[in-house]
Number of protein chains: 2
Amino acid sequence: MNTNDSRVSRSRARLIEAGKELLMKNPKASLKEVAEVAGVGRATLYRHFETREELILEIARECFKLTSQVLRPIYTDCKLSAREKVRRGLEALMPLADSYHFLLSLWNIAEGDLEVLAYYGQQMDDLTSLIEQAQKDGDIRKDLSIEWISSIIDAQVYSAWWLIGQGQASVEQAAGFAVTSLFEGINA
Amino acid sequence: MNTNDSRVSRSRARLIEAGKELLMKNPKASLKEVAEVAGVGRATLYRHFETREELILEIARECFKLTSQVLRPIYTDCKLSAREKVRRGLEALMPLADSYHFLLSLWNIAEGDLEVLAYYGQQMDDLTSLIEQAQKDGDIRKDLSIEWISSIIDAQVYSAWWLIGQGQASVEQAAGFAVTSLFEGINA
DNA sequence: TTTTTATGAGACATTTATGTATCATAACCG
DNA sequence: CGGTTATGATACATAAATGTCTCATAAAAA
């Protein structure tokens, strides 16, 4: 299969999009359903992805590529304070919240893959050193462990995804909420 | 089947425990696996739960009963301030974090059941009026929507579950982290 | 336009999960 | 202790998902 053929890239994109959407909501969804939603024949799905697991892993890799692509420029921008990086990162992740949620929701499968694990490790490292720096700079309190802080940053994205999905907030609103409550807390 | 028979209650308890553990990690886990982990014959599982869905719903109901049992006494205690109720509720939920995560992870199925939905609605109502009260009392900031606040309270429990599962914090530590970061935020 | 090739439709084999039924056994209850 | 009954093991039927293969067709590349 020639990657330059427009039919190939189109089918692939559709399958990944449909798979992300469906499997995220229902991890038991069949590949038949995925192909249907993608508007593509079932046989074509198997031409692109040898097995169900391979499809899931490819989607996971794609999700990490997306988040990396968005986060990297922010995290490596020397002009920004650590706190500002977290803030911008959080905002930038909002539109990708469904990719994020896919990874959470199918993590039991995705974590079995070396490439996915490498992406994950890299993003964790980036975030960890960011938090470390911010704590050193006195921007972020030191009585919370780094693991906890990165965990609740993840959780903010998750919350935002949930709220947006319920139709109870726009992307911009959710981003604002997330940044505020993450840094200032809910205390009056 | 006689509920008073000790064999019955034992089998049921084991099946629910095993199901919670397994299906939470892997929603595709088969009932054969669940029965094996429970140390119970597959046929016995079907004697207790007519279908796969019925098992999942029963576990969900059980999870809600657990959280209700823990939360109700706190929420209805008139001596406590609204803010204190949120704090104590959060701490009390920590040991039940896996029940909580089960519900999140299988929500697509659980939400289809009226009884489960009733439990959910009740807990949401309790939490909502609590937050409303706290905002009125000036304990919780008013520039965050109620939906967002309840959403990030959930998220704290989720984060705690994750961290505990990774072995990077004890239940007590996680509870402390959650309360601090929820109320004060991560600002230094 | 001509050639190449990805696709859709469908048939097919295989595996696996689901749910039902039976029967001997062992655990529980009175 | 003796009767009741839940259980385990097993066999069975059914349905559904997975993965492979073929062939005509349509769409892309040359």
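Naming convention: chains lettered A, B, ... in sequence-line order (proteins, then strands); numbering from 1 in each chain. Heavy-atom basis, side chains included; hydrogens, waters and symmetry copies ignored.
Axis angle across the helix from C:dT1-D:dA30 to C:dG30-D:dC1, with five pairs used at each end and values rounded to 10°: 50°.
Among pairs with a residue in residues 43-65 of chain B, those fulfilling ring-ring contact (aromatic ring centres under 6.0 Å, His included) read B:Phe64-B:Tyr119, at least two apart in sequence or across chains. For the side-chain hydrogen bond (donor to acceptor under 3.5 Å, both in side chains) condition, the pairs that include at least one residue of residues 157-166 of chain A, sequence neighbours left out, are A:Ser159-B:Ser151.
Between A:Glu84 and A:Arg87 a salt bridge is recorded (basic side-chain N to carboxylate O distance below 4.0 Å). Checked for salt-bridge contact, B:Glu91 and B:Arg88 miss the test: no charged N lies under 4.0 Å from a carboxylate O.
When the side chain to side chain donor-acceptor pair (under 3.5 Å) test is applied to B:Ser11, no partner is found at least two apart in sequence or on another chain. For the side chain to side chain donor-acceptor pair (under 3.5 Å) test, residues two or more places apart in sequence or in another chain that qualify with A:Arg72 are A:Asp126. Evaluation of the side chain to side chain donor-acceptor pair (under 3.5 Å) rule for A:Thr44 yields A:Arg47 as partners, not counting sequence neighbours. Listed by chain and residue number, A:Gln123 satisfy the side chain to side chain donor-acceptor pair (under 3.5 Å) test with A:Thr67 (two or more places apart in sequence, or in another chain). Scanning for side chain to side chain contact (heavy atoms under 4.5 Å, CB included) contacts around B:Ala92 gives B:Val70, B:Ile74, with sequence neighbours left out.
You'll find the side chain of A:Leu130 reaches within 4.5 Å of the side chain of A:Lys85, heavy atoms only.
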Look for any protein N or O under 3.5 Å of an N or O in nucleotides 26-28 of chain C and output each such pair with its distance, or none.
{"residue": "C:dA27", "atom": "N3", "partner": "B:Arg7", "partner atom": "NH1", "Å": "3.1"}
{"residue": "C:dC28", "atom": "OP1", "partner": "B:Arg10", "partner atom": "NH2", "Å": "2.4"}

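At a non-hydrogen distance threshold of 4.0 Å, B:Arg42, B:Ala43, B:Tyr46, B:Arg47 from residues 39-48 of chain B come into contact with DNA chain C. Within residues 13-38 of chain A, the residues approached by DNA chain D to less than 4.0 Å at the level of any non-hydrogen atom are A:Ser30, A:Leu31, in residue-number order.
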Let me check something: any side-chain donor-acceptor pairs from residues 51-60 of chain B under 3.5 Å, sequence neighbours excluded? List them with distances.
{"residue": "B:Thr51", "atom": "OG1", "partner": "B:Glu53", "partner atom": "N", "Å": "3.4"}
{"residue": "B:Thr51", "atom": "OG1", "partner": "B:Glu54", "partner atom": "N", "Å": "3.1"}
{"residue": "B:Arg52", "atom": "NH1", "partner": "B:Ala29", "partner atom": "O", "Å": "3.0"}
{"residue": "B:Arg52", "atom": "NH2", "partner": "B:Pro27", "partner atom": "O", "Å": "2.6"}
{"residue": "B:Arg52", "atom": "NH2", "partner": "B:Ala29", "partner atom": "O", "Å": "3.2"}
{"residue": "B:Glu54", "atom": "OE2", "partner": "B:Arg61", "partner atom": "NH1", "Å": "3.3"}
{"residue": "B:Glu58", "atom": "OE1", "partner": "B:Arg12", "partner atom": "NH1", "Å": "3.2"}
{"residue": "B:Glu58", "atom": "OE1", "partner": "B:Arg12", "partner atom": "NH2", "Å": "2.6"}
{"residue": "B:Glu58", "atom": "OE2", "partner": "B:Arg61", "partner atom": "NH1", "Å": "2.4"}

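The nearest whole Å value for the distance from the CZ atom in A:Arg52 to the C1' atom in D:dG19 is 13 Å. To the nearest angstrom, P of D:dA17 lies 15 Å from CD1 of A:Ile56. Put simply, CG on B:Asn2 is 8 Å from P on C:dC29, counting in whole angstrom units.
For the OP1/OP2 pair of D:dT7 and a distance below 4.0 Å, the side-chain nitrogens and oxygens of B:Ser11 include at least one atom meeting the criterion.
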### Task
Show your working on side-chain contact (heavy atoms from CB on, under 4.5 Å) between B:Ile131 and B:Ser150 and close with a plain yes or no.
CA-CA 8 Å; B:Ile131 295 169; B:Ser150 56; 3.9 Å; yes
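Distance CG/A:Leu104 to CE/A:Met24: 11.0 Å, rounded to 0.5 Å.
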